[in-house]
Amino acid sequence: MSGRKRIQVDESEWYRIQRQARDLRKVQREVPNLIDAVRRQTRADLDRTFTRVERRQQQHDELIGRLSDQTRELEQDTARRLQQQATELRGELAAGAGQLREETRQRLAEQQERTRQAIAAERAERRAETSRVSARIDAIDKDRAQAGQLVRSWLSDARAMTAAIAEAALHERYAPGELDRLTDRLATAEQNAAQGRFDAALALAQETYHSLSELRTETEQRELERCTAQMAAIDALVTVEEEIEGNLIQPVLGPDGEPVDGYTVDVGFWSQGELDRLREETADGLARARDDRTGTGELNLLREQEAPRLEGALGDTVGRACLRHLASQTRVSLADAVVQALGRTAFYEFVDGEYQDADPRGTYYAKLVHENGNQIVLDISQAEPDSGRHVVRVLSYDHDITAEAQLQERAAAIGESLKDEGYPVSGAASEPGAPDRKLLDIQSHRDNPAHAVEGGA
């Protein structure tokens with residue numbers, strides 16, 4: 001004879017419907033004031049990022065003032081285009097905070113490419129013009145003083161550009177070794193000039209200057225691309241961060257999928273640490289996005305892969321937390337249904353009930369007694385974690401001897417009663433062994449709670 005009877009209740013379909021309802025709400029991202037919150041959180045990042053861009057532009061303006069007439073106009077036009085590009089980027093990023101969608105990013109990329117092409121075309125035209133001037137070097141060479149002055153002017157501009165590039169230090173990230181190569185060529189031009197070979201010195205100095213200027217322009221544009229990717233990654237991750245905070249409390253949904261007034265779910269508590277881990281992962285991703293050492297490729301991955309993964313994980317976490325809360329309530333409802341059945345069929349009365357260690361996320365125990373002194377403990381737990389299936393164990397503690405047939409009949413009656421209440425029951429079965437008498441002490445769960453419950457319901 002066994003005093004342990006097992007009844008399995010399957011509510012997985014109900015869980016599936018609940019999960020679908022949660023997913024729909026998650027996709028809509030109905031977090032109040034989300035865009036305003038993201039805009040506030042990213043404003044400092046935007047200011048910090050573009051303050052550095054503007055500082056480099058100011059330093060370049062100062063450089064332009066020291067250049068000769070032959071290069072000043074070219075650099076002024078390039079600087080104007082770069083400044084306009086940075087201003088437009090900043091404006092677009094500020095306006096799109098919290099909603100930087102793919103079409104916005106595509107528009108920004110196209111805008112940057114148009115600027116790149118315009119600058120490249122303009123510089124190609126200036127290179128061609130310089131070559132035409134160089135073709136007349138024989139005429140200039142007749143006046144060696146004039147030739148020497150022209151070469152020294154180009155060499156001076158090239159040295160000034162070299163210093164500006166070195167100070168900005170963008171070449172170290174985007175074109176390592178290129179500045180050293182051009183510096184060597186510049187040294188060769190200076191040697192030619194020192195030897196009076198002004199024709200060779202002028203051609204090399206002009207070519208080197210143009211290459212240096214293009215290096216500065218290209219690295220500045222690459223850095224603008226990185227800044228854009230950085231802000232997009234920060235925007236996406238701050239959005240997830242705000243969604244996490246906006247989903248800390250969820251409404252309890254009724255059978256019709258609508259919120260039940262006055263009842264909420266503390267997602268942090270019911271997620272059993274999952275929400276905290278998700279918050280830490282988001283913070284880690286955000287720290288990498290804000291780190292200026294992070295490259296464009298990794299920033300794009302943070303936006304394109306990590307942020308969507310975290311957002312999806314948030315939806316799963318919220319869904320599991322709500323279903324665990326539902327499962328906890330289901331355990332009490334099942335206990336109540338069984339208590340009613342045992343009261344009708346065997347005249348048992350409910351005397352006490354509590355969750356294991358007073359934690360509503362765990363097994364629920366209910367104790368019943370009969371006037372003849374017999375006792376029953378209901379042990380109600382999930383069959384597997386987050387499965388939607390529950391097991392009701394009917395643990396009989398009889399002071400007299402009860403026939404196995406009677407125990408089986410009692411379990412079958414409970415199963416039928418649960419079916420009448422609308423619970424899908426798979427049937428009753430005996431489990432080996434005698435029930436643990438320690439389970440009769442329901443009060444012990446209150447005396448030694450394993451968890452401090454805060455806002456669990």
[atom1] of [X] to [atom2] of [Y]: how many Å apart, nearest 0.5 Å?
X      : Y      : atom1 : atom2 : result
Glu241 : Leu278 : CD    : CG    : 11.0 Å
Arg277 : Gln272 : CZ    : CD    : 9.0 Å
Leu89  : Cys227 : CG    : SG    : 9.0 Å
Glu223 : Arg52  : CD    : CZ    : 7.0 Å
Thr87  : Glu92  : OG1   : CD    : 12.0 Å
Ile165 : Leu215 : CD1   : CG    : 4.5 Å

Ignoring hydrogens and geometry, is there a side-chain-to-backbone donor-acceptor pair from [X] to [Y] under 3.5 Å?
X      : Y      : result
Ser156 : Arg152 : no
Thr294 : Arg288 : yes
Arg222 : Arg173 : no
Thr183 : Leu179 : yes
Ser153 : Gln149 : no
Ser328 : Pro360 : yes
Arg393 : Ser381 : no

For the residue pair [X] and [Y], what are the closest heavy atoms and their distance?
X      : Y      : result
Leu67  : Ala160 : CD2-CB, 4.3 Å
Ile249 : Asp266 : CD1-CA, 4.0 Å
Ala158 : Leu212 : O-CD1, 3.5 Å
Lys438 : Asp436 : N-OD1, 3.0 Å
Leu46  : Arg90  : CD2-O, 4.0 Å
Leu299 : Arg226 : CD1-O, 3.7 Å

Regarding [X] and [Y], is there a side-chain donor-to-acceptor distance under 3.5 Å anywhere?
X      : Y      : answer
Glu207 : Ser211 : yes
Gln84  : Glu88  : yes
Glu243 : Asn247 : no
Ser68  : Asp157 : yes
Gln356 : Asp359 : no

Would you say that [X] contacts [Y] through its side chain, given a criterion of any heavy-atom pair below 4.5 Å between the two side chains?
X      : Y      : answer
Arg320 : Asp316 : yes
Glu190 : Asn192 : no
Gln41  : Ile234 : no
Gln230 : Asp292 : yes
Met161 : Glu75  : yes
Val267 : Leu248 : no
Asn448 : Asp357 : no
Arg197 : Leu204 : no

* In sequence, state the C-alpha distance, the side-chain angles, and the governing distance for Leu314 and Glu311, and then conclude on side-chain contact (heavy atoms from CB on, under 4.5 Å). => CA-CA 5 Å; Leu314 173 61; Glu311 191 171 45; 5.5 Å; no
* To do: Output, in order, the C-alpha distance, side-chain angles, deciding distance and verdict of side-chain contact (heavy atoms from CB on, under 4.5 Å) for Arg81 and Thr217.
  => CA-CA 10 Å; Arg81 290 185 183 277; Thr217 301; over 6 Å; no
* Leu378 and its side chain to side chain contact (heavy atoms under 4.5 Å, CB included) partner, picked from Thr363, Leu395, Val339 -> Val339
* Please indicate whether Asp261 has more than 12 foreign heavy atoms, meaning atoms of other residues, nucleotides or ligands, lying under 6.0 Å from its CG. => no
* Asked: Would Leu186 and Leu182 satisfy side-chain contact (heavy atoms from CB on, under 4.5 Å), going step by step from the backbone distance to the final call?
  -> CA-CA 6 Å; Leu186 187 57; Leu182 293 174; over 6 Å; no
* For Tyr355, ring-ring contact (aromatic ring centres under 6.0 Å, His included) partners two or more places apart -> Tyr364
* Is the shortest distance from a Lys or Arg side-chain nitrogen in Glu245 or Arg279 to a carboxylate oxygen in the other one below 4.0 Å? -> yes
* To do: Name the orientation class of the two ring planes belonging to Tyr209 and Trp154 (parallel below 30°, tilted from 30 to 60°, perpendicular beyond 60°).
  => perpendicular
* Which residues share a salt bridge (Lys or Arg N to Asp or Glu O under 4.0 Å) with Arg446, sequence neighbours left out -> Asp352, Glu354
* Step-by-step side-chain contact (heavy atoms from CB on, under 4.5 Å) determination, Arg324 to Gln382 -> CA-CA 10 Å; Arg324 287 168 185 166; Gln382 284 198 309; 5.6 Å; no
* Residues in side chain to side chain donor-acceptor pair (under 3.5 Å) with Glu218, at least two apart? -> Arg116
